[in-house]
Amino acid sequence: MPEGDTIHRLAREHARDFAGRTVRVSSPQGRFAAEARRLNGRRFMGAEAYGKHLFHHWRGGLVVHVHLGMAGWFYRYPRPAPPPRPTVRMRLATRDVTVDLIGPPTCELVSEEERREIVSRLGPDPLRRDFDPDVAWERLRRRDRPVGDALLDQRIVSGVGNIYRIEALFLTGIHPLRGTAALSRREWTRLWQTLRALMQRGVRTGRARTVDPSETPHPRAGGPAGGAGERPAGEAGERWSDDFYVYRRANCRRCGRRIVELPLSGRRMFVCPRCQRKRRAGRALDQGAGAVAPAP
DNA sequence: GGCTTATGCGCAG
DNA sequence: TGCGCCTAAGCCA
């Protein structure tokens, strides 16, 4: 269940594996079969990420547009690859490596023109060199709405998903229900920089981990969140990771306070009522709280 | 085997 | 706002 950092990492991987090569393309599942026949044996020119969208560029101006949604994933095999599962939508293979795409809501052949249209609907991507946080700020100001809601709107910022919105708001001390109208320019800048730093780290490490590992958890920080749909702490013991400050936690990793869970834009939102302020902070807090997470 | 959940998103109402 | 879609994995009976 990828956010933008994963897509950028995949783009690099695919460029490394396939750029400049002639690639065998197939669709064992069948839903991309006609397109695969067109691409099969063609030269792969490059891969590009924009937010959560991935583009494969092929010789002749053909572009494959992939969006992984919630369930989609790429599996990579150094040769020899196993026979594809029947759910493989698209298989890319060279002599050296095979990549299987499974479960994407979007895997389509588009023109360069259509690619531009898709990208033009997206807000600036914190992971791209051509980003412009001012554009995001302008769009953010157009309508007063909860910041936590706005951060998932890909027209405002692209590539941010549930984990990064939750953790970046925590790190900047901003309550997700704060209206965008009550957000200062300085707070926005810090939020943007925090998102960028966290996601860059994700690209580097291949892991969405937002905590500063040198920061010891609060004694009452505890384990994962309980409640509906959550595994009990005991059972989850093995799988529970201490990667986040508030995301899917019962208690704040920093202060130990009980985490509040609320639905926001149809997703689970987690907030620490002590560390995050609903109202705009005073000057001291505005400057002091929520430094950009350092690289580990 | 069915139900639920997941780092998404587009659409109908 | 809720629903459907994509797939895998874990829980439950």
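These figures come from a predicted structure and were not determined experimentally. A note on names: the letters A, B, ... follow the listed sequences, proteins ahead of strands, and every chain is numbered from 1.
Protein atom CD1 of I102(A) is 21 Å distant from nucleotide atom P of dA6(B), rounded to whole Å. In this structure, the CD1 atom of I7(A) is 13 Å from the C1' atom of dC9(B), given to the nearest Å. In this entry the distance linking CD of E261(A) with C1' of dT5(B) reads 12 Å, nearest Å. Look at CG on L152(A): it is 14 Å from C1' on dA6(B), rounded to the nearest Å. Atom CE in M70(A) sits about 11 Å away from atom C1' in dG4(C), given to the nearest Å. Taking atom CZ of F270(A) as the reference point, atom P of dA6(B) lies 8 Å away to the nearest angstrom. For L264(A) and dG2(C), the CG to P distance is 14 Å, given to the nearest whole Å. Rounded to whole angstrom, the span from the CD atom of E3(A) across to the P atom of dT7(B) amounts to 9 Å.
Nucleotides dC5(C) and dC3(B), compared at atom P, are 15 Å apart to the nearest Å. On the C1' atoms, dA8(C) is 22 Å away from dG10(B), given to the nearest whole Å.
Using a 4.5 Å cut-off between side-chain heavy atoms of Ile, Leu, Val, Met, Phe, Trp and Tyr, with links allowed through other members, I7(A) and Y164(A) fall into different hydrophobic clusters.
Between T87(A) and dA8(C), a side-chain N or O to OP1/OP2 separation shorter than 4.0 Å is present. In terms of phosphate contacts, Y247(A) brings a side-chain nitrogen or oxygen within less than 4.0 Å of OP1 or OP2 of dT7(B). Taking 4.0 angstrom as the limit, K52(A) places none of its side-chain polar atoms (N or O) nearer than this to OP1 or OP2 of dT7(B). Under 4.0 angstrom from either OP1 or OP2 of dT5(B) there lies no side-chain N or O belonging to R268(A). Close to dT7(C), at under 4.0 Å from its OP1 or OP2, lies a side-chain N or O of Q29(A). Taking only side-chain nitrogens and oxygens, R85(A) never comes nearer than 4.0 Å to OP1 or OP2 of dT7(C).
Ring geometry for F55(A) against H57(A) counts as tilted: the plane angle lies between 30° and 60°, on a 0 to 90° scale. Taking the six-membered ring where tryptophan is involved, the planes of H67(A) and H53(A) are perpendicular, since the angle between them exceeds 60° and thus also 30°.
F44(A) does not carry R21(A) over the face of its six-membered ring by the limits of under 6.0 Å from the centre and within 45° of the normal.
Contact annotation for R155(A): no contact, since no heavy-atom pair falls under 4.0 Å across all strands. Note on E167(A): nothing from the nucleic acid sits closer than 4.0 angstrom, heavy atoms only. Residue contacts for R165(A): at a heavy-atom cut-off of 4.0 Å it reaches no nucleic acid atom on any strand shown.
Considering only the side chain of R248(A), dT5(B) comes nearest among dA8(C), dC9(B), dT5(B).
Here the shortest heavy-atom pairing between V119(A) and Y50(A) reads CG1-CE1, 3.5 Å.
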